[in-house]
> 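Handing you this structure, nothing more for now.
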Amino acid sequence: EQLYYEDMKQQLLRPEAADDAPLALSDVLLLWPADEEMPKPARQWSGRVELGINGTDGNSNRSSFLGRTDATRKREQDTLLLYFQGAYAKDNGIRSRNEFKTGGRYEWNFTPKWNAYFRSEFEEDEFEALDLRTTAVLGMGYKLLTKPKQSLAARLGLGYLREDFEEAETNEDAIFDFGYDYGLQIREWGKLVHNLTYYSAVDEPVENFRLVANTAGEIPLSNTEQWKLRLGVTHEYDDDPLPEIDRLDTTYYLNLGYDW
């Protein structure tokens, strides 16, 4: 089929038809030159699966398994991120690490720079005696940098935190939530990413808080850039942990990732 103009009207030429058929411009979804291959539609969903080994120091020292998978739907007006990650280890046949996180973040862009976001997370950690930590936050985000090879976005919100422990009382707080995400493309082969989330009780903003920071570098392992090697470190700091629990957990990891 070919589209052309005649007497200020759009006409669609159908090879199998004897006559041309009028066509409204509103019915045209995509146009491209007849001698070129039809372009592929933009993908809305993308994701990654990561598996790796890591060394950890903090509440215990060990070698362990670390895995993460995430999926992102990105459109002009909004972005949805869903993720699941876990870590499991045994030392001399005895379980020494067992923790899982799952959650998501939704961002609605009401201007090119500003967005409203909602994020939630559910976490379980056997060696923090934590049955379930539930976080729900609503806030605003702002894109500070949107360059082709560099990006920086910050966010600030209010939310709810509930912590259910195995042998301690349940803790519930209204919280402040602050965070940022930074990305830097290094030439054509490497990428540096850094993100931080800080949240604290509204009534004790500098005495009862948690901080999670992650820094990683990644390089592609194939020409398709689907396979990547990711080397990084994650710090998780709890200002008010349970007795006999360290405030800081540090995780070093070397993961093999596949983007889809």
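Heads up: numbering here begins at 1 and tracks the sequence.
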> Could you walk me through whether Thr72 and Thr79 pass the side-chain contact (heavy atoms from CB on, under 4.5 Å) test, one step at a time?
CA-CA 7 Å; Thr72 303; Thr79 301; 3.9 Å; yes

> Taking C-beta and beyond as the side chain, do Leu66 and Asn255 meet within less than 4.5 Å on heavy atoms?
yes

> Looking at Asp177 and Arg119, is any side-chain nitrogen of the basic one under 4.0 Å from a carboxylate oxygen of the acidic one?
yes

> Give me the atom names and distance for the closest heavy-atom approach of Ala71 to Trp260.
CB-CZ2, 4.0 Å

> Could you walk me through whether Arg68 and Phe84 pass the side-chain contact (heavy atoms from CB on, under 4.5 Å) check?
CA-CA 6 Å; Arg68 177 184 170 96; Phe84 174 83; over 6 Å; no

> Just wondering, do Val233 and Tyr253 contact through their side chains at under 4.5 Å, heavy atoms?
no

> Measure the CG-OG1 distance between Asp246 and Thr250 for me, rounded to the nearest 0.5 Å.
10.0 Å

> Using a strict 4.0 Å threshold on nitrogen-to-oxygen distance, state whether Arg105 and Glu107 make a salt bridge.
yes

> Answer yes or no: is there a side-chain heavy-atom contact under 4.5 Å between Asp78 and Arg73?
yes

> Between Glu172 and Leu161, is there a donor-acceptor pair closer than 3.5 Å when you use the side chain of the first and the backbone of the second?
no

> Honestly curious: do Tyr199 and Phe122 fall in one hydrophobic cluster under the side-chain, below-4.5 Å linking rule?
no

> Nearest 0.5 Å please: distance from the OG1 atom of Thr215 over to the CG atom of Leu192.
7.0 Å

> Run Asp238 and Arg210 through salt bridge (charged side-chain N to carboxylate O under 4.0 Å, His left out) and show every step you take.
CA-CA 5 Å; Asp238 188 341; Arg210 284 181 55 82; 3.5 Å; yes

> Could you tell me which non-hydrogen atom of Tyr88 sits nearest to which non-hydrogen atom of Arg95, and how far apart they are?
CE1-CD, 3.3 Å

> So do Ile175 and Leu158 actually touch side chain to side chain, heavy atoms under 4.5 Å?
no

> Indicate the ring-plane relationship of His194 and Tyr180, choosing parallel, tilted or perpendicular according to the 30° and 60° boundaries.
tilted

> Under the salt bridge (charged side-chain N to carboxylate O under 4.0 Å, His left out) criterion, do Glu99 and Lys101 qualify, and how do the steps go?
CA-CA 7 Å; Glu99 60 182 71; Lys101 288 183 182 180; 5.8 Å; no

> Identify the two heavy atoms, one from Gly190 and one from Gln185, that lie closest to each other, and give their separation to 0.1 Å.
O-NE2, 3.0 Å

> Tabulate below the donor-acceptor pairs under 3.5 Å that side-chain atoms of residues 148-157 make, not counting sequence neighbours, or state none.
| unit_1 | atom_1 | unit_2 | atom_2 | d |
| --- | --- | --- | --- | --- |
| Gln150 | OE1 | Tyr182 | OH | 2.6 |
| Arg155 | NH1 | Asp181 | OD2 | 2.8 |
| Arg155 | NH2 | Thr197 | OG1 | 2.9 |

> Is it true that Tyr83 and Trp45 fall in one hydrophobic cluster, defined by side-chain heavy atoms closer than 4.5 Å?
no

> Measure centre to centre between the rings of Trp108 and Phe110, then say whether the value is under 6.0 Å.
yes

> Among Asp91, Asp125, Thr251, Asp249, which residue satisfies the side chain to side chain donor-acceptor pair (under 3.5 Å) criterion with Arg97?
Thr251

> Under 6.0 Å from the CD atom of Glu166, do we count more than 12 heavy atoms belonging to anything else shown?
yes

> Are Leu184 and Val193 packed together at the side-chain level, in the sense that at least one heavy-atom pair is separated by less than 4.5 angstrom?
no

> Are Glu50 and Lys228 ion-paired here, with the side-chain N under 4.0 Å from a carboxylate O?
no

> Test of understanding: clusters of I, L, V, M, F, W, Y form through side-chain heavy atoms closer than 4.5 Å, transitively. Do Tyr106 and Tyr160 belong to the same one?
no

> Could you tell me the separation between the CG atom of Asn115 and the CG atom of Asn109, rounded to the nearest 0.5 Å?
5.5 Å

> When you check the gap from the basic side-chain N to the acidic O, do Arg48 and Glu218 get nearer than 4.0 Å?
yes

> Just how far is it from atom CH2 of Trp227 to atom OH of Tyr258, taken to the nearest 0.5 Å?
7.0 Å

> Rounded to the nearest 0.5 Å, what separates atom CG in Asp70 from atom CG in Leu82?
9.0 Å

> Are Phe176 and Val202 close enough, and set up right, to give a side-chain contact (heavy atoms from CB on, under 4.5 Å), and what steps lead you there?
CA-CA 6 Å; Phe176 288 118; Val202 171; 4.0 Å; yes

> Identify all side-chain donor-acceptor contacts of residues 131-138 below 3.5 Å with residues at least two apart in sequence or on another chain.
| unit_1 | atom_1 | unit_2 | atom_2 | d |
| --- | --- | --- | --- | --- |
| Arg133 | NE | Glu163 | OE2 | 2.8 |
| Arg133 | NH1 | Glu123 | OE1 | 2.9 |
| Arg133 | NH2 | Glu163 | OE2 | 3.0 |

> Determine whether the aromatic ring centres of residues Phe209 and Tyr237 are separated by less than 6.0 angstrom.
yes

> List for me each residue that meets side chain to side chain contact (heavy atoms under 4.5 Å, CB included) alongside Asn208, sequence neighbours excluded, and say none if there are none.
Asp173, Ala201, Glu204, Asp240

> Count the heavy atoms belonging to other residues, nucleotides or ligands that lie under 6.0 Å from CD of Gln77, then report whether that count exceeds 12.
yes

> For Phe100 and Asn98, what are the C-alpha separation, side-chain angles and deciding distance, and is it a side-chain contact (heavy atoms from CB on, under 4.5 Å)?
CA-CA 7 Å; Phe100 301 93; Asn98 186 26; 3.0 Å; yes

> Does the side chain of Leu256 come within less than 4.5 Å of Leu51's, by heavy atoms?
no

> Side-chain contact, heavy-atom cut-off 4.5 Å: Met140 with Tyr117?
no

> Write down the atom of Pro112, the atom of Lys143, and the distance for their closest heavy-atom approach.
O-CD, 3.7 Å

> Does CZ in Arg75 sit with more than 12 non-hydrogen atoms of other residues, nucleotides or ligands closer than 6.0 Å?
yes

> Would you call Lys113 and Thr146 a side-chain contact if the rule is heavy atoms closer than 4.5 Å?
yes

